[in-house]
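These values consider heavy atoms only, across backbone and side chains, with no hydrogens, waters or symmetry-generated copies. We name chains A, B, ... by the order of the sequence lines, and we start the count at 1 in each one.
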Amino acid sequence: MTVRTRFAPSPTGFLHIGGARTALYCWLESRRRGGEFILRIEDTDRERSTDEAVKAILDAMHWLGLDADEGPFYQTQRLERYKQVADELVAAGKAYYAYESKDEIEAMREAAMAKGEKPRYNGYYRDRNESFREDPNRVIRFRNPSEGSVVFDDKVKGRIEWANSELDDLVIFRSDGWPTYNFAVVVDDIDMGITEVIRGDDHVNNTPRQINIYHALGAQVPEFAHLPMILDKEGKKLSKRTSAVSVMDYRADGFVPHALLNYLVRLGWSHGDQEIFSREQMIALFDIADVNKAASRFDTEKLAWLNQHYLKTDEPRSLVAEFEWHLERAGIDTAHGPAPVDVIVALRDRVHTLKEMAERAKIWYAPIAEWDDKAVVKHLKNDSAVAVLDAAKSLLGACEWKPEPIHQVIEQVAAKLELGMGKIAQPLRVAMTGTQVSPSIEHTIYLAGRVEALKRIDAAIAMAQG
RNA sequence: GCUCCCUUCGUCUAGUGGCCCAGGACACUGCCCUCUCAAGGCGGGAACACGAGUUCGAGUCUCGUAGGGAGCACCA
């Protein structure tokens, strides 16, 4: 039987980090085993689901490169099917109509709590065999077994056993005519032939009751794998207030998809001491059975390290499109100025993100906005600065315009004036950028372009003499 | 309250009874390299939650304790 996994988000917000990792693990598990990956949108909560959220999730999945083989399927389009299955269950005596109001249910829960018991349905209609009637409170409840226990072997958590006496008769069809989550998922997973249910471990508690529904429906129970949560730096639940949670926020912050994927795959899973994984390696090596049981914390600094790793090692051309997206967002006009690919080469081992790179790239696309006074005083207002700038200017006017020849020019200036590189590079750096920090001097000059570089040297000479 | 789950350096993790006075990575830190900033190279400090038990031997098995988490909805 071919392996089929699915990612089933509810469209009530953006794709967040935890969801992205779940999607990644589902995707990897299906890819490694030559199976299929299905995307399903769980939108039965009509109040909270939105089309914008659906689009945001799809966009994020696409940006990450987690392509689905089937779907997206929408639960709202499968209402008739859920009705049909629920009716079958009622007809077979495995589910029944119940007519308590929400207030009555609430009172029931409070009474149970007061007695120190688990709040649950008291089973009033369980054996009353009431027939269908029009009633605003009409729901369908599943007749959960009252004896024995449910056992399953979770691929992450191990063996879990649950006494049926702990479970009550859950509502599978609400009074508003929509199925509930626990019912819809089971029907969907059966219909879609899902063999591996991989999801967050907040669903562990739902699993026994879902297994009972599988049994009632006479369906094969899939394998389950419940992933531990991802916490924030403080070990608290990830929340928008304390950290970036949306995948697309990470894009805006300048991370590349591969780095995020690599970070996520290592959060809760490992392969010996290996830290860096190409997509192919992830697919070949990942195994859901090797995932850790404990929750883990999201560490942006390690993500940043991985991001820089990919900025440094990826083919620069492959980063251009994403980098241009950031340049545009930073309000930079690239009509004039260096080729973005050259900027990437000059800056990639000096920044951790593409956002930072775009910020630093500004000095080559627009005039120097402000001069760092300390830099000017230290490197331009001294005995040798003017001579250095003059010498550089005349040689740069004629050399081939590439980093290597420019480097030769710098060395010639140093030799001619009998000065160390520090005395040569710093005045030129201030001339080019207005600051004392930038990439290697030959790249800094190269990126400015010959005309602009000479203009900036002239301006610096004027300043040095002024 | 009840049920279920979790617990190795600050963080992510390796470890499936002896190879572990616990290995790697991020972060931090010392030195080297160096035109600035980085990057890079070589070092350093840093952990088996606690207590019993099983065993010749326990991070690894069992049981308790403590701490953390999830769920107990006509939300997914």
Side chain of [X], backbone of [Y]: donor and acceptor closer than 3.5 Å?
{"X": "A/Q77", "Y": "A/Y74", "result": "no"}
{"X": "A/E356", "Y": "A/H352", "result": "yes"}
{"X": "A/N307", "Y": "A/V256", "result": "yes"}

Exercise. Are OP1 or OP2 of B/C6 and a side-chain N or O of A/K293 less than 4.0 angstrom apart?
Worked result: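 So the side chain of A/K293 is within the cut-off, an N or O lying under 4.0 Å from OP1 or OP2 of B/C6.
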
For this session: Ignoring backbone atoms, test whether A/N292 places a side-chain nitrogen or oxygen under 4.0 Å from the OP1 or OP2 oxygen of B/A14.
Result: yes

Exercise. So A/H271 and A/F277, would you call those rings parallel, tilted or perpendicular, with 30° and 60° as cut-offs?
Worked result: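 The arrangement is perpendicular - the two ring planes meet at more than 60°.
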
For this session: Name the orientation class of the two ring planes belonging to A/W269 and A/F286 (parallel below 30°, tilted from 30 to 60°, perpendicular beyond 60°).
Result: tilted

For this session: Between A/R266 and A/G158, name the one whose nearest nucleotide on RNA chain B is closer to the 5' end.
Result: A/G158

Pairing partner of [N] (Watson-Crick or G-U wobble, both distances under 3.5 Å):
{"N": "B/G57", "answer": "none"}
{"N": "B/G67", "answer": "B/C6"}
{"N": "B/A27", "answer": "none"}

Expressed as a whole number of Å, how far does the [atom1] atom of [N] sit from that of [M]?
{"N": "B/G10", "M": "B/A49", "atom1": "P", "result": "12 Å"}
{"N": "B/G40", "M": "B/U34", "atom1": "C1'", "result": "11 Å"}
{"N": "B/A66", "M": "B/C56", "atom1": "P", "result": "32 Å"}
{"N": "B/A14", "M": "B/C28", "atom1": "P", "result": "24 Å"}
{"N": "B/U62", "M": "B/G69", "atom1": "P", "result": "25 Å"}
{"N": "B/C48", "M": "B/G23", "atom1": "P", "result": "13 Å"}
{"N": "B/U8", "M": "B/G45", "atom1": "P", "result": "22 Å"}
{"N": "B/A22", "M": "B/C33", "atom1": "C1'", "result": "33 Å"}

Exercise. Cationic tip of A/R133 within the cone over A/Y99's six-membered ring, i.e. under 6.0 Å and within 45° of the normal?
Worked result: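 Yes.
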
Send over the distance from [X] [atom1] to [N] [atom2], rounded to a whole Å.
{"X": "A/D287", "N": "B/U16", "atom1": "CG", "atom2": "P", "answer": "17 Å"}
{"X": "A/H271", "N": "B/G15", "atom1": "NE2", "atom2": "C1'", "answer": "14 Å"}
{"X": "A/L264", "N": "B/U13", "atom1": "CG", "atom2": "P", "answer": "11 Å"}
{"X": "A/L231", "N": "B/U11", "atom1": "CG", "atom2": "P", "answer": "11 Å"}
{"X": "A/D232", "N": "B/G10", "atom1": "CG", "atom2": "C1'", "answer": "14 Å"}
{"X": "A/D273", "N": "B/U8", "atom1": "CG", "atom2": "C1'", "answer": "14 Å"}
{"X": "A/D299", "N": "B/U11", "atom1": "CG", "atom2": "C1'", "answer": "5 Å"}
{"X": "A/I276", "N": "B/C26", "atom1": "CD1", "atom2": "C1'", "answer": "11 Å"}

Problem set entry | A/Q75 and A/R78 side chains, donor-acceptor separation under 3.5 Å |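 There is no such pair between these side chains.
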
Exercise. Is a donor-acceptor pair below 3.5 Å formed from side chain A/E275 to base B/G24, judging by atom type as modelled?
Worked result: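 Looking at the base of B/G24, it does pair with a donor or acceptor on the side chain of A/E275 (distance under 3.5 Å).
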
Exercise. Once each nucleotide of nucleotides 66-76 of chain B is scored for protein heavy atoms under 4.0 Å, what B/S/- sequence comes out, 5' to 3'?
Worked result: ----BBBSBBB

Problem set entry | Base versus backbone protein contacts along nucleotides 28-44 of chain B [heavy-atom cut-off under 4.0 Å; B, S, -] | -------BBBBSS----

Problem set entry | A/H309, NE2: over 12 other non-hydrogen atoms inside 6.0 angstrom | yes

Problem set entry | A/F298 ring center near A/Y250 ring center (under 6.0 Å) |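 Yes, they do, as the ring centres are separated by less than 6.0 Å.
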
Exercise. Are the aromatic rings of A/Y446 and A/W364 close, with centres under 6.0 Å apart?
Worked result: no

Problem set entry | Qualifying ring-ring contact (aromatic ring centres under 6.0 Å, His included) pairs, either residue in residues 161-185 of chain A, two or more places apart |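 For residues 161-185 of chain A, and leaving out neighbouring residues, the ring-ring contact (aromatic ring centres under 6.0 Å, His included) pairs sorted by first residue read A/Y181-A/H203.
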
